[in-house]
Amino acid sequence: MNVQLKYASSESLDPGQAVAEFANKLGHEGIDTVIFFCSPNYDLDILGRELKNAFSCPCIGCTSSGQIGTEGFQYSGLLGLGLGKNFRTHSFMIQPLIDYSAAVADIAEAIRRDTEARPNLQRFGLLLIDGLSMAEERLAANLYQQIGNVPIIGGSAGDDLRFEKTHVYDGHGRFVSDAAIFAVIETDAPIATFKVQHFEPSEVELVITEADPEKRLILEINGEPAAQVYAEALGLTVHELTPTVFSRHPLVLSFGDEPYVRSIQKWNDDLSLTCYCAIEEGLIVAIGKAEDPIQTFKQAFVKVRETIPNPVVIIGCDCILRRLQFEQEGLEEQIGNVMTQNRVVGFSTYGEQFNGLHVNQTFTGVAIGGQHSD
């Protein structure tokens with residue numbers, strides 16, 4: 001099966017020129033959907049306007065903390081995919097993020113109708129969401145519960161680690177915050193969604209005895225101040241807890257045999273811990289122990305190829321915390337090469353979505369099979 005799909009990128013820092021180069025490389029003939037990821041450093045008003053003028057088809061994208069393209073990790077510019085006649089996209093804008101129940105119900109009904117009309121097609125959901133909204137957990141869970149048998153992957157938009165404002169593209173010329181774009185993509189090509197992280201639960205288990213999930217705070221672990229218990233479990237004092245320590249020893253939550261990473265952002269003066277994901281009171285978590293990130297990553301792609309032997313592309317959402325670790329350890333080129341070899345196109349995120357869960361320090365992706373048409 002020939003899959004109509006094109007990749008394009010521009011390193012230009014000028015928004016008009018970047019979109020012109022990107023659109024020129026994609027072409028317009030046979031392109032039914034555009035998926036893109038861009039640097040937050042562009043003038044987004046101009047970038048949005050140019051994207052609207054360049055493409056009449058559905059256009060889905062967000063700002064990032066770096067992109068992933070045919071040369072591995074990229075630090076600036078605009079890149080993405082043009083999907084052709086094998087694909088049909090329904091994109092839904094969800095805004096504001098505090099009140100999404102009606103939107104999710106409408107999305108579920110639309111997908112149900114499409115599934116009944118075209119039952120033989122494959123479907124996956126791509127969720128791009130404001131990465132500073134703290135709304136990912138609830139939205140991902142609600143979408144996944146209501147839309148039924150549609151796997152979801154996604155990423156939280158970034159802003160190059162400034163943590164000021166992140167944006168998703170509304171499909172009509174504007175970049176907006178406090179919003180999400182949920183795209184359901186139908187195709188006759190084979191697909192497989194997957195996640196990979198290089199942390200496993202250690203034997204050190206902790207009970208969350210007091211938490212504020214809305215603020216992503218852990219207040220107490222084992223009935224004691226959270227930061228103090230966490231530090232002692234690592235043989236450290238609270239003042240020795242640094243971002244590097246947190247990135248190397250995240251919390252790991254297990255559902256069945258599947259580990260899901262919950263990363264810690266910082267400790268606070270009241271000895272609470274602020275996390276990148278919500279953690280509920282009463283949960284048992286383990287301190288994560290690292291495995292070899294390169295081997296783990298390679299093995300994940302080997303496993304994906306058991307289902308999709310020769311992917312034409314893998315759309316990937318990769319946590320910025322992973323990228324920071326790779327850079328600290330001098331592994332970014334090797335990891336980038338693994339992505340290039342496996343045709344990964346995506347971005348560095350402020351968090352990842354996999355089905356109904358929001359996670360950190362994880363790569364989530366969808367592999368699309370078939371023969372390349374270029």
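Only this structure's heavy atoms are used, side chains among them; waters, hydrogens and symmetry mates stay out.
Remark: side-chain polar atoms of Q353 are not paired, donor with acceptor, to backbone N or O of I153 under 3.5 angstrom. The backbone N or O of F37 sits nowhere less than 3.5 Å from a side-chain atom of Q67 that would complete a donor-acceptor pair. Using a distance-only test at 3.5 Å, with no hydrogens or angles considered, a donor-acceptor pair links the side chain of T362 to the main chain of N360. Here the side chain of S65 pairs a donor or acceptor atom with the backbone of D160 at under 3.5 angstrom. Remark: side-chain polar atoms of T63 are paired, donor with acceptor, to backbone N or O of H167 under 3.5 angstrom. When atom types are taken as modelled, the side chain of E240 and the backbone of T237 share a donor-acceptor pair closer than 3.5 angstrom.
Side-chain atoms of Q325 and H198 include a donor-acceptor pair closer than 3.5 Å.
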Intermediate values then yes/no, side-chain contact (heavy atoms from CB on, under 4.5 Å), F124 and I368: CA-CA 10 Å; F124 68 92; I368 300 173; 4.2 Å; yes
Going through the checks in order, is the side-chain contact (heavy atoms from CB on, under 4.5 Å) test met by V312 and Y7? CA-CA 11 Å; V312 292; Y7 167 82; over 6 Å; no
Checking S91 against F182 for the side-chain contact (heavy atoms from CB on, under 4.5 Å) test, could you report, in this order, the C-alpha distance in whole Å, the side-chain angles of both residues, the deciding distance, and whether it holds? CA-CA 6 Å; S91 67; F182 182 59; over 6 Å; no
Please lay out, stage by stage, how I111 and V150 fare under the test side-chain contact (heavy atoms from CB on, under 4.5 Å). CA-CA 9 Å; I111 294 168; V150 177; 4.1 Å; yes
Verdict with reasoning, E136 to R216, per salt bridge (charged side-chain N to carboxylate O under 4.0 Å, His left out): CA-CA 11 Å; E136 295 102 325; R216 295 180 174 172; 2.5 Å; yes
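Counted within 6.0 Å of NZ on K215, heavy atoms from surrounding residues, nucleotides or ligands total 12 or fewer; the atom is thus considered open. Atom CD of E203 has 12 or fewer neighbouring heavy atoms from other residues, nucleotides or ligands inside a 6.0 Å radius. Atom CD of E291 is surrounded by more than 12 heavy atoms from other residues, nucleotides or ligands within 6.0 Å. The 12-atom threshold is not exceeded at CG of N149, counting heavy atoms of other residues, nucleotides or ligands nearer than 6.0 Å.
One finds a salt bridge joining E329 and R248 here, because a Lys/Arg side-chain nitrogen approaches an Asp/Glu carboxylate oxygen to under 4.0 Å. Between R322 and E352, none of the side-chain N atoms (NZ, or NE/NH1/NH2) sits under 4.0 Å from a carboxylate O, so this pair counts as no salt bridge.
Taking 4.5 Å as the limit, every side-chain heavy atom of C317 sits out of range of all side-chain heavy atoms of F363. Counting only heavy atoms from C-beta outward, the side chains of P311 and I308 approach each other to under 4.5 Å. A 4.5 Å side-chain heavy-atom check between V34 and I31 finds at least one atom pair inside the cut-off.
Ring planes of W267 and H239: perpendicular class, angle over 60° (limits at 30 and 60°).
Between Y169 and F36, the distance from one ring center to the other falls under 6.0 angstrom. For Y350 and Y276, the gap between ring centers reaches or exceeds 6.0 Å.
Within the structure, the side-chain hydrogen bond (donor to acceptor under 3.5 Å, both in side chains) test picks out the following pairs touching residues 116-131 (sequence neighbours left out): R112-E116, D114-R118, R118-E186, R123-E186, D130-T166.
Here the SG-CG distance, from C38 to L44, works out to 6.0 Å after rounding to the nearest 0.5 Å. Note that CZ of R343 is 13.5 Å distant from CD1 of I315, once rounded to the nearest 0.5 Å.
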Tell me which donor-acceptor pairs under 3.5 Å the side chains of residues 72-81 have, and how far apart each pair is, sequence neighbours excluded?
from	atom 1	to	atom 2	distance (Å)
Y75	OH	E327	OE2	3.0
S76	OG	E11	OE1	3.0

